Amino acid sequence: MDWIDVVFILSGLLCLGSACTIVTRKNPVYSVIFMLPFFLGMTILFILLSAPFLAAMQMMVYGGAILVVFLFVIMLINLRPEEIKDDFSLWTYTPAAAVGGVLGGLILSFVRHGIPDGSELDKNFHAAVNNSRLMLDLGMGGVAPPLGSIDSIAIPMFKQYVVPFELVSILIVVAVLGAVILAKKRV
Amino acid sequence: MNVSQLTELLPVGVVLISALVVVFLDLILSPKERYILPMAAMAGCLLALGVLGQNYLSAVQLYKSAPPWFAGFAPQSAGGYKTAILGGAFVIDGFGMAISAVALIAGALSVLCSTHNDEDSALSKGEFYGLVLLAVSGMMLLAFSHDFLTLLISLEIMSVATYILAGSERDDVRSGESALKYLVLGAFSTAFLMLGMAFIYGSTGSFSLSPVILHSSDPRNYLVIGGFGLLVVGILFKVGAAPFHFWVPDVYQGAPTGVTALMAVGVKAAAFAMVGRLLFETFRAPGFREHWTGLVAAVAVLTMAVGNLIALRQSSVKRLLAYSGIAHSGYLLLGFLINRRADPAVMEESLHAVAFYLLAYGVMTLGAFGVVSLTREDGRSLENLEDYNGLAKEHPALALCMAVFMLSLAGLPPFSGFFAKFMIFSSAIDQGFILPAVLGILTSVASLYYYLRVVLRMYMPEADSASASCKYAWTSNLLVYGAGIGSVLLGIFPHWGIGMH
């Protein structure tokens, strides 16, 4: 067994274990706290898949920002564990488990056997990947960065898709002005 | 990518810059001088309209062989005017210019419509006018966008700005209700739209809106068809067409009147730009066209029926105008019906009719909302039909304008609404969609009932009118009289709005 396999199994177990803990905790604050090891495990998995950008984003956006937002909301509404009703009923959990099971089974089968009748999808996906690699080749003067690296995300973003990227800044201005209109205290 | 192509988008730039100018102007003005803000915002819109007209005229000179007004489908070698800029992210053509012009007019007039507020209300702040301008810039970008990414982002610029504007009257519970409903349902519809785009991208590997991306794919490809279905759901929601119209009355009623006018005209025009681009361009290939013509005809008939029938029973003028807006979406959808031959020249004519309809509908709807915003008591808009009893006695000019808007919305001959409806119905009949067109004519006859009800109430000999003018009323008066004159002129000289024919 390679050391990579060991790391993979350990981080996978960390993810699974913390995910189960998140679902089963009664106190929502504990649930949110256990999201941290979950995100850590995901980050390690992304690094193992040689996707350092996704790994960094996973830690910064989810572990940093979203987790804190969750905590803020839970503390703002001040939810106590004893106030949460625990009315376990088969009627609510059986359909949820069935849907979850079917979706999980589908994903597992896709992972093992590929998407049925997805030949066109596969072909198009590879064409798109090749196309973007070609563009990168042109941009980088011959050497395309490996898929999943920071370069392969940054170069299309600032060359091919720079117009939509710049348009997002208008959207952010709208959001800032909206926050001022909706939430500013009267003077 | 050529930076000099950006001059084609200069009108959008003018709107964006004036949005920032208005926001920062608020900081240096004292509260008493705030009346300058709406003027500055409107000047920005008019300046952008001028730049747009200049761009259009230079395009006319460049392509002398054929009038480029809507020549989006003719190839450039045949004199068609259609320039893809910024790597295909945007396309500049007559249709996009016409929609942006409607959006700019809607922006300028809805600013006029929302000036008379208390000095400490959020509606008289620079941020409010800035957001109106940003929403207009989103509409214009949407009208020009030719790529799923820019389409989505411009749609969100427009939508997020209008969600916020709908809730900007913070003291009014109904304004908050309107904003929340619009936000939740709008986000839901955007999710449909994005999922549809993801399906199409997954199947074609391209974000472009040009029909080329579908050439290699089979019309029975379930991913493309599924994606198209999801796109249609998202767009019909924005348009306010029948099975997805339930948000319209509540949102229109609760939002501040000026914002309602912007939503009823600008957002609708931009959404119809999306309909035009997707149906007439991306999905106009023969295999796909059969899928959507029946669907559009059914939705159009349902929308006209639902909008007009429910409007018959409304007691609030704002809700009445909301349902009338739904019905007009149905009429507009009739303009997208084309037969199997799909002659590019015919499609040009249809887009022509749609753009003229949007202009005429926009002018009269803005005017009607202007009257609603003028008739107010204790700082609140009077919106019940009873409040309009005997309006003609105290404000004869105002009542006359309102009567013009109502008759024009109903589609009576001397006004612009008649020519708009005439062009739409005759294009549907030319294309062989007789039943939808006849149903459209019948429902518009039924609509006379509720439009005339407003007119009758105003001219009833009852002196118990409660409409009081307010501080900055002259701006709204300007809007109402301008729109009234516009409706009459567009009805008598329709070729001014149609272009060079």
Side-chain angles (χ1 to χ4, degrees), chain A residues 69 73 103 106-107 110-111 114-136 138-140 147 152-187, chain B residues 1 6 9 12 16 19-20 23 31 85-90 120-123 125-128 130-131 134-135 137-138 141 145 147-154 156-165 167-171 176 179 201-207 216-218 221-224:
Chain A
V69 173
V73 170
L103 281 180
L106 270 180
I107 291 174
F110 286 165
V111 169
I115 298 172
D117 197 21
S119 51
E120 197 189 358
L121 197 67
D122 267 2
K123 196 181 72 203
N124 281 316
F125 176 70
H126 286 297
V129 169
N130 283 335
N131 186 26
S132 65
R133 288 177 70 84
L134 195 69
M135 293 229 159
L136 290 175
L138 295 175
M140 298 284 289
L147 192 71
S152 72
I153 293 168
I155 293 175
M157 190 151 104
F158 289 106
K159 286 185 92 77
Q160 201 179 347
Y161 298 118
V162 69
V163 179
F165 178 75
E166 290 295 333
L167 285 185
V168 170
S169 60
I170 306 178
L171 193 55
I172 294 173
V173 174
V174 169
V176 171
L177 284 184
V180 173
I181 283 193
L182 294 180
K184 194 174 140 196
K185 247 190 204 160
R186 301 253 156 68
V187 280
Chain B
M1 192 177 294
L6 280 173
L9 283 179
V12 184
L16 285 176
L20 294 182
V23 170
I85 59 168
L86 299 178
F90 293 102
D120 57 341
S121 152
L123 268 73
K125 297 257 164 64
E127 291 90 26
F128 177 82
L131 266 183
L134 285 172
S137 78
L141 288 170
S145 59
D147 170 324
F148 279 125
L149 274 181
T150 44
L151 184 90
L152 183 72
I153 294 171
S154 345
E156 281 305 285
I157 294 171
M158 172 184 89
S159 306
V160 173
T162 38
Y163 301 151
I164 297 163
L165 288 173
S168 54
E169 196 142 40
R170 277 160 62 188
D171 295 330
Y201 179 70
S203 174
T204 62
S206 166
F207 278 124
S216 62
S217 56
D218 181 12
N221 181 338
Y222 64 96
L223 272 175
V224 175

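Just so it is clear: chains get the letters A, B, ... in the order the sequence lines come, proteins before strands, and each one is counted from 1. Everything numeric in this text was worked out from a predicted model, so none of it was measured. What's counted below: heavy atoms across the whole structure, side chains too, no hydrogens, waters or symmetry copies.
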Can you name the one residue among B:Leu134, B:Leu131, B:Val23 that meets side-chain contact (heavy atoms from CB on, under 4.5 Å) with A:Val173?
-> B:Leu134

Is it the side chain or the backbone of B:Ala89 that comes within 4.5 Å of chain A heavy atoms, both, or neither?
-> side chain

Just give me the residue among A:Ile172, A:Leu167, A:Val176 that pairs up with chain B most often, heavy atom to heavy atom, under 4.5 Å.
-> A:Leu167

Taking only residues two or more places apart in sequence or in another chain, which ones pass ring pair (Phe, Tyr, Trp, His ring centres under 6.0 Å) with B:Tyr163?
-> B:Tyr182

CG-CG distance between B:Leu20 and A:Leu177, expressed to the nearest 0.5 angstrom = 8.0 Å

Which bit of B:Leu152 is near chain A, if near means a heavy-atom gap under 4.5 Å: side chain, backbone, both or neither?
-> neither

Tell me, please, which residues at least two apart from B:Ser154 pass side-chain hydrogen bond (donor to acceptor under 3.5 Å, both in side chains).
-> none

Rounding to 0.5 Å, atoms OG1 (B:Thr150) and CD (A:Glu166) come to a distance of 13.5 Å

Roughly how far, to the nearest 0.5 Å, is CG of B:Leu16 from CD1 of A:Ile170?
-> 4.5 Å

Here the gap from A:Ile181 atom CD1 to B:Leu165 atom CG, rounded to the nearest 0.5 Å, amounts to 6.0 Å

Measure the spacing between CG of B:Asp147 and OH of A:Tyr161 and express it to the nearest 0.5 Å.
-> 7.5 Å

